[in-house]
Amino acid sequence: MLQQIKTILLKWYSQNQRELPWRTTKDPYFIWLSEIILQQTRVQQGLSYYQLFTEKFPTIFDLANADEQTVLNTWQGLGYYSRARNLHATSRIIVHQYKGVFPSSFEEIKSLKGIGNYTAAAISSFAFDLPYAVVDGNVYRVLSRVFDEDSPIDSSAGQKLFQNLANNLLNTSFPANHNQAIMEFGALQCVPVNPNCDICVLNQHCLGRQNNRINVLPVKEKKTKVSKVQIDYSIHFDENKILLRKRLGKGIWQHLYEFPHCIDMPKDPPVFSETHLLSHQKLTLNYYRNVNNTIAFEENGLEWVNIKDLESYPKPKPIQSFIDNYLDELNSEN
DNA sequence: AAGGCGGGGCG
DNA sequence: CGCCCAGCCTT
């Protein structure tokens, strides 16, 4: 089973690979350069920058001799500028500590700035033919689908699992081509959305396809995304305590009531802030009391929504059931 | 374990 | 136009 998949991948790669400049070299300097550029960057966009860098800094000494500002200028437009700073810093480390010779062991490579697990495995295999399996976004996708593995790729357990899976699948006779093959396969054939499985060379081996789960793989658990919320409240309070508030407007749980932890209002206003925690949700509020004893409200909060927690956390409710439940809780405590 | 980092592509 | 992508470093 594994052996067949390895063979199919290599054969597919030999017939379908794109011609890319960093694939025709074994020079670790150029391979490193390309890998740093290609982190979070599509091939199409990275190509021109790769050409720019190799022309402007043909050797690692040229890069190390340059000002950081010059490197940053050359990087301009690529984004994630810490990559450029790390690139430059690492060039100086290699020149000064390794006499300009790129280190050739996985551990040494990984210890360099800006090089993590993926990039260390990539350089180790591409430049030095060392048997380290790469796991990038493409590999997560291919492996999760072929093996119908729904372990979340953004959990540490899932990452371990997929690294092990990749290690097991690694063709140790051809680590460089194997790694290129599986990533290219993910980039061209096993694409994120609507892959054409009918023409896929792995479709007879693909458990995800067999179980009709291609469109839900790979699984991510942390859907935590940041979105600005525009939440208006009507506040119901009793003496100096906020009793309930009703969520107005069009955010989640609109028109439902929630319990703001009975915060003591400041005696002498103007502004104070408080962090309100609802497990899945963090909201910073600024509010103050007006002279006419109504609450004016000001919020610039960010809302963090974790879809997983959303299911389990008690949601705000329509007012009557909210109050009923609250009274029940109070009674059961006493 | 979780958040920040920047662009571009896509529906 | 909003949503999605994804490796590394920092906290």
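So you know, we letter chains A, B, ... as the sequences are listed, proteins then strands, and number each from 1. Source: prediction; values computed, not measured. Both backbone and side-chain heavy atoms feed into the values below; hydrogens, waters and symmetry mates do not.
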Exercise for the section: Hey, could you give me the CZ/CD1 distance between Phe162(A) and Ile153(A), rounded to the nearest 0.5 Å? Expected result: 7.0 Å
Practice task
Would you please indicate if the ring centroids of Phe53(A) and Trp75(A) are separated by under 6.0 Å?
Solution key: yes
Practice task
Starting at atom CD of Gln44(A), determine the distance to atom P of dC10(B), rounded to an integer number of angstrom.
Solution key: 10 Å
Handout entry: P-based separation of dC8(C) from dG9(B) [nearest Å]
Key = 23 Å
Practice task
Round to the nearest Å and state the distance from Leu38(A) atom CG to dC5(C) atom C1'.
Solution key: 14 Å
Exercise for the section: Verify the contact: side-chain N or O of Ser82(A) to OP1 or OP2 of dC5(B), cut-off strictly under 4.0 Å; return yes or no. Expected result: no
Handout entry: Separation of atom CD in Gln39(A) from atom C1' in dG4(B), rounded to whole Å
Key = 15 Å
Exercise for the section: Mind telling me whether Phe102(A) and Phe128(A) have parallel, tilted or perpendicular rings, with 30° and 60° as the class edges? Expected result: tilted
Problem - Spacing of the P atoms in dG8(B) and dC9(C) (rounded, Å) - result: 24 Å
Handout entry: d(CG, Asn194(A); P, dC4(C)) in whole Å
Key = 15 Å
Handout entry: 5′-ward residue of the pair Ala157(A)/Gly79(A) relative to DNA chain B
Key = Ala157(A)
Handout entry: Selected nucleotide, minimal atom distance to Asn86(A) side chain, candidates dA1(B), dC9(C), dG7(C)
Key = dC9(C)
Problem - N/O (side chain, Tyr80(A)) to phosphate O (OP1/OP2, dA6(C)) under 4.0 Å - result: no
Practice task
In plain terms, say whether Glu184(A) and Arg23(A) are close enough for a salt bridge, that is, a side-chain N and a carboxylate O under 4.0 Å apart.
Solution key: yes
Problem - Watson-Crick or G-U counterpart of dT11(C), or none if no pair lies under 3.5 Å - result: dA1(B)
Fill in the blank from the handout: Whole-Å distance, Leu72(A) CG to dG7(B) C1', equals 16 Å
Practice task
Kindly indicate whether the side chain of Gln45(A) and the base of dG7(B) share any N or O donor-acceptor pair separated by less than 3.5 Å?
Solution key: no
Handout entry: Presence of salt bridge, Arg209(A) and Asp198(A), under 4.0 angstrom
Key = yes
Handout entry: side-chain N/O Lys110(A) vs dC8(C) OP1/OP2, d < 4.0 Å
Key = no
Handout entry: Pairing of Asp154(A) and Lys220(A) as salt bridge, 4.0 angstrom limit
Key = no
Problem - Whole-Å distance separating the CH2 atom of Trp32(A) from the P atom of dC8(C) - result: 14 Å
Handout entry: Which residue lies more 5' along DNA chain C, comparing Ile115(A) with Pro192(A) via nearest heavy atoms
Key = Pro192(A)
Practice task
Name the closest nucleotide to the Asp136(A) side chain, picking from dA6(C), dG7(C), dG6(B).
Solution key: dG7(C)
Handout entry: Trp75(A) CH2 - dC8(C) C1' separation (whole Å)
Key = 12 Å
Completion exercise
Closest of dG7(B), dC8(C), dA6(C) to the Arg42(A) side chain is dG7(B)
Completion exercise
Rounded to whole Å, the NZ-P distance (Lys220(A) to dC4(C)) equals 9 Å
Practice task
Starting from the 5' end of DNA chain C, give me the residue, Arg141(A) or Lys113(A), whose nearest nucleotide shows up first.
Solution key: Arg141(A)
